[in-house]
Protein chains: 2
Amino acid sequence: MTDCASCVVRNRAICASLNPEELLLLGKMGRKQRVKAGQTLLWEGDDAPVVANVLEGVLKLVVATADGREQIVGIVFPSDFIGRPFGKESPYSVTAMTDAEVCIFNRNAFDEFAGNHPDLQQKLLRRTLDELDRARHWMMLLGRKSASEKVASFLLEMSERLSGQGCQVGGTRNGFELPFGRQQIADILGLTIETTSRQLTRMRSDGLLDLPSRREIVITDRDAMEAMAG
Amino acid sequence: MTDCASCVVRNRAICASLNPEELLLLGKMGRKQRVKAGQTLLWEGDDAPVVANVLEGVLKLVVATADGREQIVGIVFPSDFIGRPFGKESPYSVTAMTDAEVCIFNRNAFDEFAGNHPDLQQKLLRRTLDELDRARHWMMLLGRKSASEKVASFLLEMSERLSGQGCQVGGTRNGFELPFGRQQIADILGLTIETTSRQLTRMRSDGLLDLPSRREIVITDRDAMEAMAG
DNA sequence: CGATTCTTTGACTAGGATCAATGGGCGTGG
DNA sequence: CCACGCCCATTGATCCTAGTCAAAGAATCG
């Protein structure tokens, strides 16, 4: 079992809705698991017998075509929820982008527990509604934005989401370290790695950002970046 | 108030989880409203004081850029739920694509009612999870598929969703009438109207489908269509 | 320090967008 | 009932953005 009372994401995850006794009960069902970067937790199309909370690290949700094209359809951060309650098979793969630690539950047991704990279910509903809004917003980006708009939008969103995650470089939200490489940015934006790279290089020479290292981004002209995001 | 007991979507909408007394209570909060084709119910970015169930007709959820580009991020059919519980402003516009009828609730009242009715909330959660899966699936289409794959995927999905809606032409799921025109298909697929039109013409001359009238589609070679969907 | 992996850069191509004109259905009014 | 006008869809010609193919250049890891 797991000691939920001292959990790092205790206050931010859906578990925050539970009282100490309930927490103990849930803790008995869950177990912590480490995941190495690159390791896949759930496979698209497979029966998904588990759901989980992310304690540490970043994971991606991926949908792939038969011929190998990939689209990242979601990025999961600590305190976020993984998996498909009330479902059978996972509609996407879940793969760790960094070393990660998750708190895993048997899906059936979790479904039942959720059924008996409306507060937990409401938290889950709120989160799911937020995710849906985010996904739909992303659909606009994928369907209607140009490469430069995509990259600018992406950097701005990342600068927000990575704030308060301890990922900042230099302490401001304008500097941050991405937890993934160029190919993954491309898979998020529906671009190729070359186009992504070219856009970043262009933005640097235009003075919108610095690229101190492969994964570090420092936005130096946020106004221009926002204008470019469209 | 509204007579929920005789509602056309009574068994399919989220209200299906309620017993007669609860239904009566919810009925007191709701009111039916007719919406003309083209009329916008909720505006992107505005405070959205209502949620609703669709009784009849088809509506679209639209996200737009400042310069007027539009992306349809969701299509809403009878028995589907509209609006953003626990939210403030609507993240997208909701516009009727056909004449429609909806059952409207004050959002705050609905939120409170939902809070006291876990079954309703669970139905809502299931629906939202399904919508999220659909949205994510659509992200792959928008980000990674070619124009022909997009159109083929779209037609196949529509043939499924319009089945059992009384929209069939000729009674099989291969023939159906779209509730919208070419521009809207383009806005769903992240294409231009010209590209959409060209793809349909091409498919017709390749013998994959017939286009008996502007809005009717008859898929004549479903296997080929599926192969083309990627 | 060498091997591998990831990223950048370059040259070229192609798919879809754009611009422009024509065609066809449908409703309205003569 | 037909003619006109409007709206939507189709088709054509051209352009341009992003994709593809290829190679060189940096990080990273053993």
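Just so we're on the same page: letters track the sequence lines, and every chain starts at 1.
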Inset, instruction - Can you tell me the distance, in whole Å, between the CZ atom of R198(B) and the P atom of dT22(C)? - result: 16 Å
Legend entry - Working for salt bridge (Lys or Arg N to Asp or Glu O under 4.0 Å), residues E160(B) and R222(B): CA-CA 12 Å; E160(B) 299 299 337; R222(B) 206 179 178 88; 2.9 Å; yes
Inset, instruction - Determine the contact category for L191(A): base if any of its heavy atoms lies under 4.0 Å from a base atom, sugar-phosphate if only primed atoms, P, OP1 or OP2 are that close, otherwise nothing. - result: sugar-phosphate
Legend entry - Working for salt bridge (Lys or Arg N to Asp or Glu O under 4.0 Å), residues E131(A) and R136(B): CA-CA 10 Å; E131(A) 273 302 308; R136(B) 285 179 162 154; 2.8 Å; yes
Legend entry - Rounded interatomic separation in angstrom, taking CG from L142(A) and P from dG16(C): 16 Å
Inset, instruction - Would you please confirm or rule out a distance under 4.0 Å between OP1 or OP2 of dA17(C) and any side-chain N or O of T192(B)? - result: yes
Legend entry - Ion pair check, D130(A) and R84(B), cut-off under 4.0 Å: yes
Inset, instruction - Would you tell me if any nitrogen or oxygen in the side chain of R182(B) comes within less than 4.0 Å of OP1 or OP2 on dT10(D)? - result: yes
Legend entry - Length of the CZ-C1' vector between R214(B) and dG27(C), whole Å: 12 Å
Legend entry - Spacing of F180(B) atom CZ relative to dA9(D) atom C1', expressed in whole Å: 16 Å
Legend entry - Under the side-chain contact (heavy atoms from CB on, under 4.5 Å) test, residues paired with A227(A) that sit two or more places apart: none
Legend entry - Polar pair under 3.5 Å, donor/acceptor by atom type, side chain E194(B), base dC19(C): yes
Legend entry - Below 4.0 Å: OP1/OP2 of dA9(D) and any side-chain N or O of T201(B): no
Legend entry - Spacing between K145(B) atom NZ and dG16(C) atom C1', to the nearest angstrom: 18 Å
Inset, instruction - Would you mind classifying the nucleic acid contact of Q183(A) as base, sugar-phosphate or nothing, using non-hydrogen atoms under 4.0 angstrom? - result: sugar-phosphate
Inset, instruction - Applying side-chain contact (heavy atoms from CB on, under 4.5 Å), name anything that partners Q184(A), two or more places apart in sequence or on another chain. - result: K60(A), I72(A), M97(A), F180(A)
Legend entry - Residue-phosphate contact under 4.0 Å: T195(A) side-chain N/O, dA18(D) OP1/OP2: no
Inset, instruction - Scan S146(B) against the nucleic acid and name what it touches under 4.0 Å (heavy atoms): base, sugar-phosphate only, or nothing. - result: sugar-phosphate
Legend entry - Minimum-distance pair of heavy atoms, taken over all atoms of G190(A) and R144(B): C-NH1, 3.5 Å
Inset, instruction - Write down the distance between CD (Q184(B)) and P (dC8(D)), rounded to a whole number of angstrom. - result: 10 Å
Inset, instruction - Starting from the C-alpha separation in whole Å, work towards a yes-or-no answer on side-chain contact (heavy atoms from CB on, under 4.5 Å) for W43(B) and T95(B). - result: CA-CA 9 Å; W43(B) 292 94; T95(B) 303; over 6 Å; no
Legend entry - Proximity to the side chain of S197(B) - top-ranked nucleotide from dA18(D), dA9(D), dC21(D): dA9(D)
Inset, instruction - To the nearest Å, give me how far apart CG (L200(A)) and P (dA18(D)) are. - result: 14 Å
Legend entry - Axis deviation across the helix from dC1(C)-dG30(D) to dG30(C)-dC1(D), five-pair ends, to the nearest 10°: 40°
Inset, instruction - For Q199(B) and for I193(A), find the nucleotide of DNA chain C with the closest heavy atom, then tell me which residue's nucleotide is more 5'. - result: I193(A)
Legend entry - Option passing side chain to side chain contact (heavy atoms under 4.5 Å, CB included) with L42(B) (candidates S90(B), S93(B), P91(B)): S90(B)
Inset, instruction - Please state how far atom CD1 in I185(A) lies from atom P in dC6(C), giving the value in whole angstrom units. - result: 14 Å
